[in-house]
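Take a look at the structure set out below.
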There are 2 protein chains.
Amino acid sequence: MSGKSRAAMMEETRAKLISAGRKAFAEKGFADASMDDLTADAGLTRGALYHNFGDKKGLLAAVVAQVDGEMAAKARQAASGAEDTWAALEAEGAAYIELALDPEIQRIVLLDGPAVLGDPSAWPSQNACLAETRRALMALAEEGRLKPVDIEAAARLLNGAALNAALYVAASTDPKKILPRTVEAFKALARGFLAT
Amino acid sequence: MSGKSRAAMMEETRAKLISAGRKAFAEKGFADASMDDLTADAGLTRGALYHNFGDKKGLLAAVVAQVDGEMAAKARQAASGAEDTWAALEAEGAAYIELALDPEIQRIVLLDGPAVLGDPSAWPSQNACLAETRRALMALAEEGRLKPVDIEAAARLLNGAALNAALYVAASTDPKKILPRTVEAFKALARGFLAT
DNA sequence: GAGTTGACATACGGGACGTATGTGAACATT
DNA sequence: AATGTTCACATACGTCCCGTATGTCAACTC
């Protein structure tokens, strides 16, 4: 058992490249990240990258999909403890705001991602975060607790509000103080969707 | 009166460069816009651009400031006809959503702008759109019609929701059909800030 | 055991950005 | 009014980086 299967080897190089790309994109931004550098960091060359991901944007897409998936998982976990469907939606939104305080997430998912890959709803990763919010809203709609709004639009509005607000919190001089206020404001805002 | 003053000449070249940059950035995106090409389009060379704007990002900042100012002006105009302070806020939000359907605005202000220049609240243009929303919210707060939320955070949430929703509308297969639903959803959402 | 496939490395060309240097017209100075 | 200076802009150069085309070596097939 000295080696591994062909497919396993390839998965390993893909993982190494994604990891190196994630670090480089987070630290330098997509535009200033050199593929020569990040592939060398992974102990490889650009050849491996082009073979596995097609081009620089392809690597970013893979990185975004990974980070996006992690975000959705954490949001789901945050919502899992809620007693109530509505509380779950609020918890998810709050979780997104807090998650987006991470510079890595801001740079990769909120700034470079949309600019390079286009609108998030068109991403190959199918935007797991958005799907999570949509799911929560549909559950509420079935319970009859929502105003008669378009679910898809509502999900986009909530997600956009949360993630954008996080950029504001992170850019502020005192994030720790502003975060709770922002989360409260988000909860107040979200209640606009509640049936009266 | 054959010529113009020195300062007037410089303003003219700045205007020509901004105009050419605006077109190039809108059509090709920031990354794929060639400074050789866009300066030639303006009948100039890269020398003029570096002299006036420092670098490529400097030109983008100037373009963003111009577009952002135009957006705020239109939003203010849309709100001017409202009978009521709250109706004005709703009208502004709706105006942002509709404005953001313009591909030029999407590309420059919503996608490349944040990615290249960083968080909008830190822009030199001071984000006229955001300022407009903040103004409307403060007026409402003085009238006592707002829940006790942080104004700054609320402005960011509303703006983020509106602009992000516009990306969704524009990316949809049938924007004309989805736009009114999205605007309605936005109005419902915004009511979350209204005092009960 | 020879041929083929495929994952990855190396070599090459083109393009774009930023800087350093040049230039000619307007303004100041005497 | 003539000369020196400034400055807005053009030109020339070096450098970096992406994408492709080509090469290579191990693994699998027959």
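Because only heavy atoms are used, hydrogens play no part in the values below, and waters and symmetry mates are left out as well, while side chains stay in. Order of the sequence lines sets the chain letters (A, B, ...), proteins ahead of strands, with each chain counted from 1.
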Return the value, rounded to whole Å, for the distance between atom [atom1] of [X] and atom [atom2] of [N].
{"X": "A:F53", "N": "D:dG19", "atom1": "CZ", "atom2": "P", "value": "14 Å"}
{"X": "B:M35", "N": "D:dA10", "atom1": "CE", "atom2": "P", "value": "12 Å"}
{"X": "A:L38", "N": "D:dC18", "atom1": "CG", "atom2": "P", "value": "8 Å"}
{"X": "B:D32", "N": "C:dG14", "atom1": "CG", "atom2": "P", "value": "19 Å"}
{"X": "A:K56", "N": "D:dG19", "atom1": "NZ", "atom2": "P", "value": "8 Å"}
{"X": "A:D55", "N": "D:dC18", "atom1": "CG", "atom2": "P", "value": "11 Å"}

Legend entry - Letter per nucleotide, 5' to 3', of nucleotides 7-12 of chain C [B base touched, S only sugar-phosphate touched, - untouched; heavy atoms, 4.0 Å]: BBBBB-

Legend entry - Among C:dC17, D:dG19, D:dC17, the nucleotide that comes nearest once only the side chain of B:S34 is considered: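 Nucleotide nearest to B:S34's side chain: C:dC17.
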
Side-chain donor/acceptor pairs under 3.5 Å, residues 13-20 of chain B, sequence neighbours excluded:
unit_1 : atom_1 : unit_2 : atom_2 : d
B:T13  : OG1    : B:M10  : O      : 2.9
B:R14  : NH1    : B:N52  : O      : 3.3

Which pairs of donor and acceptor atoms, one on a side chain in residues 154-170 of chain B, lie under 3.5 Å apart (sequence neighbours left out)?
unit_1 : atom_1 : unit_2 : atom_2 : d
B:R156 : NE     : A:N164 : OD1    : 3.3
B:R156 : NH1    : B:D119 : OD2    : 3.1
B:R156 : NH1    : B:S121 : OG     : 3.3
B:R156 : NH2    : A:N164 : O      : 3.0
B:R156 : NH2    : A:N164 : OD1    : 2.6
B:R156 : NH2    : B:D119 : OD1    : 3.1
B:N159 : ND2    : B:T133 : OG1    : 2.7
B:N164 : OD1    : A:R156 : NE     : 3.3
B:N164 : OD1    : A:R156 : NH2    : 2.7

Inset, instruction - Describe the nucleic acid contact of A:A33 in one word from base, sugar-phosphate, nothing, applying a heavy-atom distance below 4.0 Å. - result: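 Sugar-phosphate contact only.
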
Legend entry - Counterpart residues, ring-ring contact (aromatic ring centres under 6.0 Å, His included), relative to A:Y96 (two or more places apart):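 In terms of ring-ring contact (aromatic ring centres under 6.0 Å, His included), with neighbours along the sequence ignored, A:Y96 is linked to no residue.
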
Show every donor-acceptor pair shorter than 3.5 Å between a side-chain atom in residues 188-196 of chain A and any protein atom, with sequence neighbours excluded, or say none if there are none.
unit_1 : atom_1 : unit_2 : atom_2 : d
A:R191 : NH1    : A:E90  : OE2    : 3.2

In a table with atom names and distances, give each donor-acceptor pair under 3.5 Å that connects a side chain of residues 35-51 of chain B to protein atoms at least two apart or in another chain.
unit_1 : atom_1 : unit_2 : atom_2 : d
B:D36  : OD1    : B:R46  : NH1    : 2.8
B:D36  : OD2    : B:R46  : NH1    : 3.2
B:T39  : OG1    : B:M35  : O      : 2.6
B:T39  : OG1    : B:D36  : O      : 3.1
B:T45  : OG1    : B:G47  : N      : 3.2

Inset, instruction - Quick one: closest heavy-atom pair of A:R107 and A:F25, and the distance? - result: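 Heavy atoms of A:R107 and A:F25 come nearest at CG-O, 3.4 Å.
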
